[in-house]
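Structure first, then comments.
These values consider heavy atoms only, across backbone and side chains, with no hydrogens, waters or symmetry-generated copies. Protein chains get the first letters and strands the later ones, always in sequence-line order, with residue 1 at the start of each.
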There are 2 protein chains.
Amino acid sequence: MTDNIELDAVIKALAHPVRRQILAWLKEPERWFAEQPTPFEAGVCAGMIDKKTGLSQSTTSAHLATLHRAGLVETQKIGQWIYYKRNEANIRAFLDAISTSL
Amino acid sequence: MTDNIELDAVIKALAHPVRRQILAWLKEPERWFAEQPTPFEAGVCAGMIDKKTGLSQSTTSAHLATLHRAGLVETQKIGQWIYYKRNEANIRAFLDAISTSL
DNA sequence: CTTGTATATCGAACTTTTACGATATATATT
DNA sequence: AATATATATCGTAAAAGTTCGATATACAAG
């Protein structure tokens with residue numbers, strides 16, 4: 001979050017309601033993804049998020065990739081699943097950066 | 001800044017480097033717009049901002065309109081000039097909103 | 001009332017983003 | 001090995017954003 005190129009990527013990532021919604025859901029996985037059989041330690045697996053957005057699998061995957069490229073989420077691959085969770089450190093770093101720069 | 005529709009407009013407004021740059025310039029008008037003959041009480045007039053962006057007059061006007069629609073700047077018309085300045089209250093409200101919602 | 005200046009709006013070209021279905025890749029199961 | 005499942009990537013079409021020059025509007029000055 002030191003240079004402006006990254007800040008730009010983060011703001012653009014946040015500039016879509018679906019991506020903000022995903023980040024919001026990931027704040028309370030147990031609440032929004034209760035159907036997930038595995039524990040939320042590693043995060044929420046992509047397919048659960050697909051279902052919730054109502055968008056196609058490929059579109060949701062692209063949104064997740066954007067969030068990941070921006071550093072707002074981190075991933076963990078377990079078997080054939082890829083779990084997503086918030087990267088709280090980077091989110092806080094972004095909030096700090098925008099608070100001082102804006 | 002109470003509902004999400006406005007937050008969306010603000011984030012989208014911030015999702016362009018030129019618009020963020022304009023907001024940054026407006027933090028220190030005396031520094032960045034020293035050529036402006038009138039005092040900065042009312043803000044910086046649009047034409048000065050045009051010159052600084054290097055973009056066309058119409059494009060800069062559109063960026064300013066986006067910032068204004070989002071509530072990030074306020075305007076004051078004096079004669080044939082329209083002065084722009086930051087709306088600090090709304091900027092702070094946005095920072096609060098995104099800090100809690102994100 | 002004409003001319004000039006400041007800004008906004010319009011219309012069109014171009015670029016970027018979004019979205020989808022189809023396909024590819026990787027892993028797991030049989 | 002063959003099949004099934006989870007996710008990513010590709011190709012493409014539609015939508016949104018950016019930019020420009022030209023024009024409109026509003027005000028000021030002569």
Side-chain angles (χ1 to χ4, degrees), chain A residues 5 8-23 25-26 29 33 35-40 42-70 72-85, chain B residues 5 8-23 25-26 29 33 35-40 42-70 72-85:
Chain A
I5 297 160
D8 194 69
V10 174
I11 295 189
K12 282 191 171 125
L14 293 174
H16 194 290
V18 167
R19 290 191 291 262
R20 289 199 303 282
Q21 179 68 81
I22 291 171
L23 284 178
W25 286 331
L26 291 180
F33 302 98
E35 322 128 73
Q36 176 168 303
T38 57
F40 297 109
V44 175
C45 77
M48 304 288 306
I49 301 173
D50 289 353
K51 282 191 210 119
K52 213 150 188 62
T53 61
L55 299 173
S56 73
Q57 182 267 325
S58 62
T59 297
T60 306
S61 176
H63 282 308
L64 290 171
T66 299
L67 288 170
H68 191 229
R69 257 182 277 112
L72 292 167
V73 297
E74 44 192 332
T75 62
Q76 189 176 345
K77 187 168 189 172
I78 299 181
Q80 57 207 314
W81 290 274
I82 298 182
Y83 293 88
Y84 283 84
K85 69 172 168 187
Chain B
I5 297 161
D8 193 71
V10 175
I11 295 189
K12 283 193 170 125
L14 293 174
H16 194 290
V18 166
R19 290 191 291 263
R20 289 200 303 279
Q21 179 68 81
I22 290 171
L23 283 178
W25 286 332
L26 290 180
F33 302 98
E35 322 128 73
Q36 176 167 304
T38 56
F40 296 109
V44 175
C45 78
M48 304 288 306
I49 301 173
D50 289 354
K51 281 191 209 118
K52 212 147 189 63
T53 61
L55 299 173
S56 73
Q57 183 266 325
S58 62
T59 297
T60 307
S61 177
H63 282 309
L64 289 171
T66 298
L67 288 170
H68 191 230
R69 258 181 276 112
L72 292 167
V73 298
E74 44 192 332
T75 62
Q76 190 175 345
K77 187 168 190 174
I78 299 181
Q80 59 207 312
W81 289 274
I82 299 182
Y83 292 88
Y84 284 85
K85 70 170 168 188

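Remark: A:Ser58 engages A:Ser56 in a side chain to side chain donor-acceptor pair (under 3.5 Å) (not counting sequence neighbours). Contacts of A:Thr66 classified as side chain to side chain donor-acceptor pair (under 3.5 Å), with partners at least two apart in sequence or in another chain: none. Residues meeting the side chain to side chain donor-acceptor pair (under 3.5 Å) test with A:His63, sequence neighbours left out: A:Arg19. Under the side-chain contact (heavy atoms from CB on, under 4.5 Å) criterion, B:Lys51 pairs with B:Met48, not counting sequence neighbours. Residues satisfying the side chain to side chain donor-acceptor pair (under 3.5 Å) test with B:Lys85, not counting sequence neighbours, are none. In terms of the side-chain contact (heavy atoms from CB on, under 4.5 Å) criterion, A:Ala62 has no residue partners (sequence neighbours excluded).
The nearest pair of heavy atoms linking A:Arg20 to A:Leu14 is NH1-O, 2.6 Å. A:Ala42 approaches A:Ile78 most closely through the heavy-atom pair CB-CD1, 4.0 Å. Across all non-hydrogen atoms, the minimal contact from B:Val10 to B:Ala70 is CG2-O, 3.5 Å. Residues B:Ala46 and B:Leu64 approach most closely at CB-CD1, 4.0 Å, considering heavy atoms. B:Phe40 and B:Phe33 get closest at one heavy-atom pair: CZ-O, 3.2 Å.
Residues from residues 51-62 of chain B that place a heavy atom under 4.0 Å from any atom of DNA chain C, listed by number: B:Gln57, B:Ser58, B:Ser61. The stretch residues 75-83 of chain B touches DNA chain C through B:Gln80, B:Trp81, B:Ile82, each having a heavy atom within less than 4.0 Å of the strand.
Using a 4.0 Å cut-off, some side-chain N or O of B:His16 falls inside it from OP1 or OP2 of D:dT19.
For residues 73-83 of chain B, every residue pair satisfying the side chain to side chain donor-acceptor pair (under 3.5 Å) rule, not counting sequence neighbours, is listed here: B:Thr38-B:Tyr83.
Summarising the geometry, the separation between CG on B:Leu64 and P on D:dG17 is reported as 17 Å, rounded to the nearest angstrom.
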**Request:** Would you check, one step at a time, whether the test side-chain contact (heavy atoms from CB on, under 4.5 Å) holds for A:Val44 with A:Gln36?
**Result:** CA-CA 8 Å; A:Val44 175; A:Gln36 176 168 303; 3.6 Å; yes

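For DNA chain C, the outermost nucleotides in 5' to 3' order that have an atom under 4.0 Å from a heavy atom of chain B are C:dG4 to C:dT9.
Position along DNA chain C of the nearest nucleotide to A:His63 versus B:Ala65 favours B:Ala65 as the more 5'-ward residue.
When the local axes at the two ends of the helix from C:dC1-D:dG30 to C:dT30-D:dA1 are compared, using 5 base pairs at each end, they differ in direction by 10° after rounding to 10°.
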